[in-house]
Novice: 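Before I ask anything, here is the structure I am working with.
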Amino acid sequence: MGKLEIEKSGHGIGADIQGLDLTKPLASDALAAINEAWAEHLVLRFHGTKLSDDQLMSFSQNFGPLDMRPVGKADQNSVPGNHYVTVISNVVENGRPIGGLGNLEAQWHVDMSYNPAPAVASILHAWAIPDRGGLTHFCNMYAALEGLPSRLRARIEGLSLKHDSAHTSVGGLRRGFEEAANAGEAPGAVHPLIRTHPVTQRQCLYLGRRQDAYIVGMALEDSEALLDEIWAAAVRPEYCWEHIWQLHDTVMWDNRCTLHRRDGFPNEQQRIMRRTQIGGDKVG
Ligand code: SIN
């Protein structure tokens with residue numbers, strides 16, 4: 001391996017990895033160094049050249065088996081014949097969106113936390129980026145848990161959260177779902193609000209997204225009030241990093257211990273992202 005350099009973002013989450021060509025197979029010592037940096041920094045960024053879907057999938061498979069792409073609002077986030085690459089884009093070709101989420105702002109979320117075994121990681125690669133907007137923000141959920149006031153932390157020990165599966169991160173209804181009467185009725189998997197990361201063995205908050213989340217067993221108003229309190233304490237600027245995209249950046253994040261969101265951007269600008277997910281594990 002050539003010299004692999006790791007430069008921290010300086011924001012308590014995120015680091016740049018330099019000195020790697022992601023189009024080539026990874027040597028075992030490089031992979032070990034990336035895994036170590038990933039466990040420490042939670043989000044890794046690689047500047048580089050354009051990756052084909054096959055190259056993105058090959059790189060991603062170093063970190064585990066690929067997960068199937070999620071169901072979009074319509075069947076628009078797919079690459080024909082490929083079940084593993086999700087397209088995130090505002091581009092419309094022949095009257096059909098080529099990807100999901102459009103140019104809209106996406107709220108804080110964890111990818112596919114509404115599944116019983118959510119994807120452990122997502123890897124996002126930029127094929128086209130706008131001149132302004134479209135930044136992706138990440139938040140450290142170890143820090144969020146460690147920073148909770150002790151009385152709040154004591155209140156949420158042992159509680160479980162239902163993660164709504166009906167909506168996308170821009171609030172749209174997924175194909176095949178209907179609006180639920182209230183958050184308590186919304187469909188989705190139930191996971192512990194505090195989880196233990198299987199690699200680092202550290203505890204962190206596991207919030208998914210705010211929309212239609214529900215703390216199991218509580219009256220709806222109590223669940224709403226407690227969730228508002230947790231979110232206000234958890235998502236603080238000092239735990240977060242904003243990533244400004246450069247063309248052909250690849251960013252991988254650990255869905256088990258981070259939240260992410262993205263800014264909207266002008267629709268006349270093109271943004272085309274390809275994303276893979278690493279297959280799920282049970283939340284414990
Ligand atoms: C995502 O939520 O996975 C997409 C983030 C982005 O488009 O920057």
Side-chain angles (χ1 to χ4, degrees), residues 9 11 13-14 42-47 51 53 56-57 59-60 63 66-73 76-79 84-92 97-115 118-141 163-172 174 206-211 213 235 240-267 269-280:
S9 73
H11 295 274
I13 179 171
L42 324 186
V43 183
L44 299 181
R45 174 170 65 186
F46 307 83
H47 299 305
L51 303 180
D53 288 331
L56 177 62
M57 291 193 306
F59 171 69
S60 304
F63 305 98
L66 297 181
D67 207 14
M68 302 271 272
R69 65 179 175 78
V71 176
K73 185 174 180 189
Q76 62 189 189
N77 55 354
S78 58
V79 180
Y84 299 103
V85 173
T86 305
V87 183
I88 296 172
S89 183
N90 64 322
V91 172
V92 176
I98 66 163
L101 306 187
N103 70 324
L104 300 174
E105 176 182 356
Q107 301 296 323
W108 288 113
H109 65 282
V110 172
D111 290 329
M112 293 173 280
S113 66
Y114 48 82
N115 285 339
V120 302
S122 302
I123 302 174
L124 191 62
H125 177 66
W127 275 14
I129 53 169
D131 292 344
R132 56 189 190 283
L135 276 59
T136 309
H137 305 249
F138 296 95
C139 197
N140 181 333
M141 290 294 104
H163 295 237
D164 167 49
S165 56
H167 297 92
T168 68
S169 54
V170 295
R174 285 180 203 283
Y206 193 62
L207 292 180
R209 72 192 68 174
R210 179 64 189 87
Q211 181 177 8
V235 180
C240 300
W241 172 54
E242 72 176 25
H243 158 56
I244 302 170
W245 287 93
Q246 292 180 23
L247 192 60
H248 303 148
D249 276 352
T250 303
V251 176
M252 59 185 278
W253 61 87
D254 191 329
N255 277 310
R256 296 166 289 194
C257 53
T258 64
L259 291 174
H260 63 283
R261 70 175 180 87
R262 79 122 201 247
D263 296 333
F265 56 95
N267 207 23
Q269 306 245 327
Q270 292 200 336
R271 190 177 190 269
I272 306 175
M273 301 292 189
R274 320 293 279 198
R275 195 184 76 194
T276 51
Q277 298 82 225
I278 306 303

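Heavy-atom basis, side chains included; hydrogens, waters and symmetry copies ignored. We're numbering straight along the sequence, starting at 1. Just so you know, ligand 1 is whichever comes first in the structure, and atom 1 is the first atom listed for that ligand.
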Novice: How many angstroms lie between atom OG of S60 and atom CG of L66, to the nearest 0.5 angstrom?
Specialist: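 That separation rounds to 6.0 Å.
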Novice: Could you tell me whether the side chain of W127 and the main chain of L51 form a donor-acceptor pair under 3.5 Å?
Specialist: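 Pair found, side chain donor or acceptor close to backbone of L51.
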Novice: Give me the nearest non-hydrogen protein atom to atom 4 (C) of ligand 1 as residue plus atom name, then the distance to 0.1 Å.
Specialist: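 Result for atom 4 (C) of ligand 1: I88 CD1, 3.7 Å.
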Novice: Could you tell me if any non-hydrogen atom of W253 lies under 4.0 Å from any atom of ligand 1?
Specialist: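 For ligand 1, residue contact (heavy atoms, under 4.0 Å) with W253 is present.
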Novice: Tell me which one of Q277, R271, M273, H137 gets a heavy atom nearest to atom 6 (C) of ligand 1.
Specialist: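 Answer by nearest heavy atom: R271.
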Novice: Under 6.0 Å between ring centres, would you say that holds for H163 and Y206?
Specialist: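 Ring centroids of H163 and Y206 are less than 6.0 Å from each other.
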Novice: Among all protein non-hydrogen atoms, which one is nearest to atom 1 (C) of ligand 1, and what is the separation to 0.1 Å?
Specialist: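 Result: H260 NE2, 3.4 Å.
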Novice: Compare D111, L124, V170 and give the one whose heavy atom is closest to atom 5 (C) of ligand 1.
Specialist: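 Result: the heavy atom closest to atom 5 (C) of ligand 1 is in L124.
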Novice: Of all the non-hydrogen atoms in the protein, which one sits nearest to atom 8 (O) of ligand 1, and at what distance?
Specialist: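 Looking at atom 8 (O) of ligand 1, the protein heavy atom closest to it is T136 OG1, 2.5 Å.
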Novice: Who are the ring-ring contact (aromatic ring centres under 6.0 Å, His included) partners of H109, not counting sequence neighbours?
Specialist: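 Per chain and number, H109 pairs via ring-ring contact (aromatic ring centres under 6.0 Å, His included) with H260.
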Novice: Considering only heavy atoms of H109, which atoms of ligand 1 have at least one such atom less than 4.0 Å away?
Specialist: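 Counting from 1, the qualifying ligand atoms are 1 (C), 2 (O).
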Novice: Just how far is it from atom CG of N90 to atom CD of Q270, taken to the nearest 0.5 Å?
Specialist: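 Output value for this atom pair is 7.0 Å.
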Novice: Could you tell me which residues satisfy ring-ring contact (aromatic ring centres under 6.0 Å, His included) with F46, sequence neighbours excluded, listed by chain and number?
Specialist: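 Per chain and number, F46 pairs via ring-ring contact (aromatic ring centres under 6.0 Å, His included) with F59.
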Novice: Could you list the atoms of ligand 1 found under 4.0 angstrom from a heavy atom of R275?
Specialist: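 So the answer, numbered in order with elements, is 1 (C), 3 (O).
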